[in-house]
Q: 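Starting off with a structure, shown below.
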2 protein chains.
Amino acid sequence: MTQPSEPIPLSPEARSAALPLHDQDPSERADAARNRVKLLEAAAALIQERGAEHLTMDAVAAAACVGKGTVFRRFGDRAGLLLAVLDRTEREFQDAFMFGPPPLGPGADPIARLDAFGIASLRHLLDNMNLYLESDRQAASRYAAPPRNVRARHLSLLLGQAGVDGDLELLAQTLLGTLDATFVHHMLTGRGSTAQQLEAGWSDVVARITHRC
Amino acid sequence: MTQPSEPIPLSPEARSAALPLHDQDPSERADAARNRVKLLEAAAALIQERGAEHLTMDAVAAAACVGKGTVFRRFGDRAGLLLAVLDRTEREFQDAFMFGPPPLGPGADPIARLDAFGIASLRHLLDNMNLYLESDRQAASRYAAPPRNVRARHLSLLLGQAGVDGDLELLAQTLLGTLDATFVHHMLTGRGSTAQQLEAGWSDVVARITHRC
DNA sequence: ACTTGAACCGGACTACGGTCCGCTCAGATT
DNA sequence: AATCTGAGCGGACCGTAGTCCGGTTCAAGT
């Protein structure tokens, strides 16, 4: 892990480079780009009206008036498509915690930022629960997915700033476990937890991990 | 959650009742029981020779000379079959941490037991990695699966005995995140962690969660 | 404008998980 | 022993993710 430490306030160009979600590739052919847009719109519409859990690749292809192969060529697999649909929302959230106003964004005490991150993350998750659930369920390894990676790096950074030592990535992943879509869903439905309890739980875990006795 | 608190040394009958993995149901018809055995043997053999990730339900049915419907009737779905294959190993491990000798079993200091649990769990996981990975990947919700539940209850118990307060189930699940098959696999392969680092990480997380400053 | 070849496209095809339903037979009852 | 009934069984069937390949179209170079 020899990545340059990431300066907090970033120029616009560096900002978009820091967001690893698919930017429109300029070398992409015009027809391909057109189809990507058609597909994303079709997928979003279908999700809106039938729910993410009922989204099929055939339906997306048909709704976009495009062959099935094209869907897979553009997005790789179902997880990729779902991720692409989440992209806009995801970017907004990433912007908020990386560049937005404190306490979520830079400027506040790292522990306050950690706290705020959990709360914001849980709310963001609840707003898009089905999509994140589905994306999790589908992904080969949720740990390799861009959203999780960005969050993990962010948490590692904050933990470092908070003076925590140890395996920061492992601690970050441990924290992230508390915000995992499937886990949150399990706690809310399987067990009868409330969102408030999860938020309180997050703060508690953060306090313990950061060792603030 | 109004379950009777679980006394630690248990009579043999109570012990097997405490293990929620499928015991042979006495009301099961003889032919059904025969088929279950045939299927489990076939599945185990196929996994042995081709790997769990290549196990298909059709292949199991064919190898056991049984209709496909029978496989699903017996085990519900692929996750159930994999879980059943893991059953024996899983029981041994559960026995070890619930009833075996200290520091893993009862008798030792709860924090020492937590430490030992992580180490033993990681080793047990590494010994059966593919099977657990596959079982995770398949399961509708890994949080609802019996193995995870047993572990979660166990950890809650130990946390309580260690005098930790707060949402014990949430803390237990947070700890379990560190031992999740997919996560461990990701840390070992995706990132270049070693088993030693994961064991050290576990101890560190336990120390932080149990608030031992 | 024309050529060219690489990127793209479509939809038939495969593989696999899971369901369904009519038939069979184990084992309880008399 | 004869009867009965519902658990058990098999395998055809379905839906969906993902692959493949022959034909098509874009756009760069001339």
Side-chain angles (χ1 to χ4, degrees), chain A residues 22 24-40 42-43 46-47 50-85 131 133-142 145, chain B residues 22 24-40 42-43 46-47 50-85 131 133-142 145:
Chain A
H22 338 288
Q24 61 283 11
D25 181 353
S27 76
E28 185 176 61
R29 252 169 55 172
D31 52 348
R34 245 187 340 263
N35 278 339
R36 146 170 301 138
V37 172
K38 275 201 293 183
L39 284 166
L40 281 176
L46 286 174
I47 288 170
R50 292 187 218 168
E53 63 276 28
H54 297 123
L55 188 75
T56 71
M57 301 302 265
D58 295 79
V60 175
C65 300
V66 135
K68 191 177 179 177
T70 304
V71 189
F72 283 92
R73 159 169 289 270
R74 282 277 82 73
F75 301 105
D77 56 13
R78 207 175 103 102
L81 174 59
L82 291 169
L83 231 42
V85 172
L131 215 34
L133 267 181
E134 202 56 28
S135 165
D136 254 32
R137 197 176 68 79
Q138 189 65 30
S141 169
R142 54 191 172 289
Chain B
H22 338 286
Q24 62 282 11
D25 181 354
S27 75
E28 185 176 61
R29 251 169 53 175
D31 51 348
R34 242 184 346 259
N35 278 339
R36 146 171 301 139
V37 172
K38 274 200 295 182
L39 284 166
L40 282 176
L46 286 174
I47 288 170
R50 292 187 218 167
E53 62 276 26
H54 297 124
L55 188 75
T56 71
M57 301 302 265
D58 296 79
V60 175
C65 301
V66 134
K68 191 177 179 179
T70 304
V71 189
F72 284 92
R73 160 168 286 271
R74 282 276 82 73
F75 300 105
D77 56 13
R78 206 177 104 102
L81 174 59
L82 291 169
L83 230 43
V85 171
L131 215 35
L133 268 182
E134 202 55 28
S135 165
D136 254 33
R137 195 175 69 78
Q138 189 65 32
S141 170
R142 55 191 172 289

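Order of the sequence lines fixes the chain letters, A, B, ..., with proteins taken first and strands second; residue numbering starts at 1 for each chain.
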Q: Find out whether A:R137 and A:L133 are in side-chain contact, i.e. whether some heavy atom of one side chain is under 4.5 Å from a heavy atom of the other.
A: no

Q: For a quick test of your reading: what N or O donor-acceptor pairs under 3.5 Å do the side chains of residues 56-71 of chain A make, sequence neighbours left out?
A:
| from | atom 1 | to | atom 2 | distance (Å) |
| --- | --- | --- | --- | --- |
| A:T56 | OG1 | A:A59 | N | 3.1 |
| A:D58 | OD1 | A:K68 | NZ | 3.3 |
| A:D58 | OD2 | A:K68 | NZ | 3.4 |

Q: Give the first and the last nucleotide of DNA chain C, reading 5' to 3', that has any atom under 4.0 Å from a heavy atom of chain B.
A: C:dC16 to C:dG27

Q: Looking at B:N35, does any N or O in its side chain come under 4.0 Å of the phosphate oxygens OP1/OP2 on D:dC9?
A: yes

Q: List, one per line, each side-chain donor-acceptor pair under 3.5 Å for residues 76-84 of chain A, sequence neighbours excluded.
A:
| from | atom 1 | to | atom 2 | distance (Å) |
| --- | --- | --- | --- | --- |
| A:D77 | OD1 | A:A79 | N | 3.3 |
| A:D77 | OD1 | A:G80 | N | 2.9 |
| A:R78 | NE | A:Q138 | OE1 | 3.2 |
| A:R78 | NH1 | A:L55 | O | 2.4 |
| A:R78 | NH2 | A:E134 | OE2 | 2.2 |

Q: Within the structure, does a side-chain N or O atom of B:T70 lie under 4.0 Å from either OP1 or OP2 of D:dG8?
A: no

Q: Rounded to the nearest 0.5 Å, how far does CD of A:E53 lie from CG of A:L131?
A: 10.0 Å

Q: So how far is it from B:R74 CZ to B:L39 CG, rounded to the nearest 0.5 Å?
A: 8.5 Å

Q: Do the side chains of A:V85 and A:F75 get nearer than 4.5 Å, heavy atoms only?
A: no

Q: I'd like to check the side-chain contact (heavy atoms from CB on, under 4.5 Å) partners of B:R73; sequence neighbours left out, ordered by chain and number.
A: none

Q: Let me have a per-nucleotide readout for nucleotides 17-30 of chain D, 5' to 3', with B, S or -, counting only protein heavy atoms under 4.0 Å.
A: BBB-----BBS---

Q: How many whole angstroms separate atom NZ of B:K38 from atom C1' of D:dG8?
A: 13 Å

Q: Whole angstroms only, please: what is the CZ-P distance between B:R36 and D:dC9?
A: 10 Å

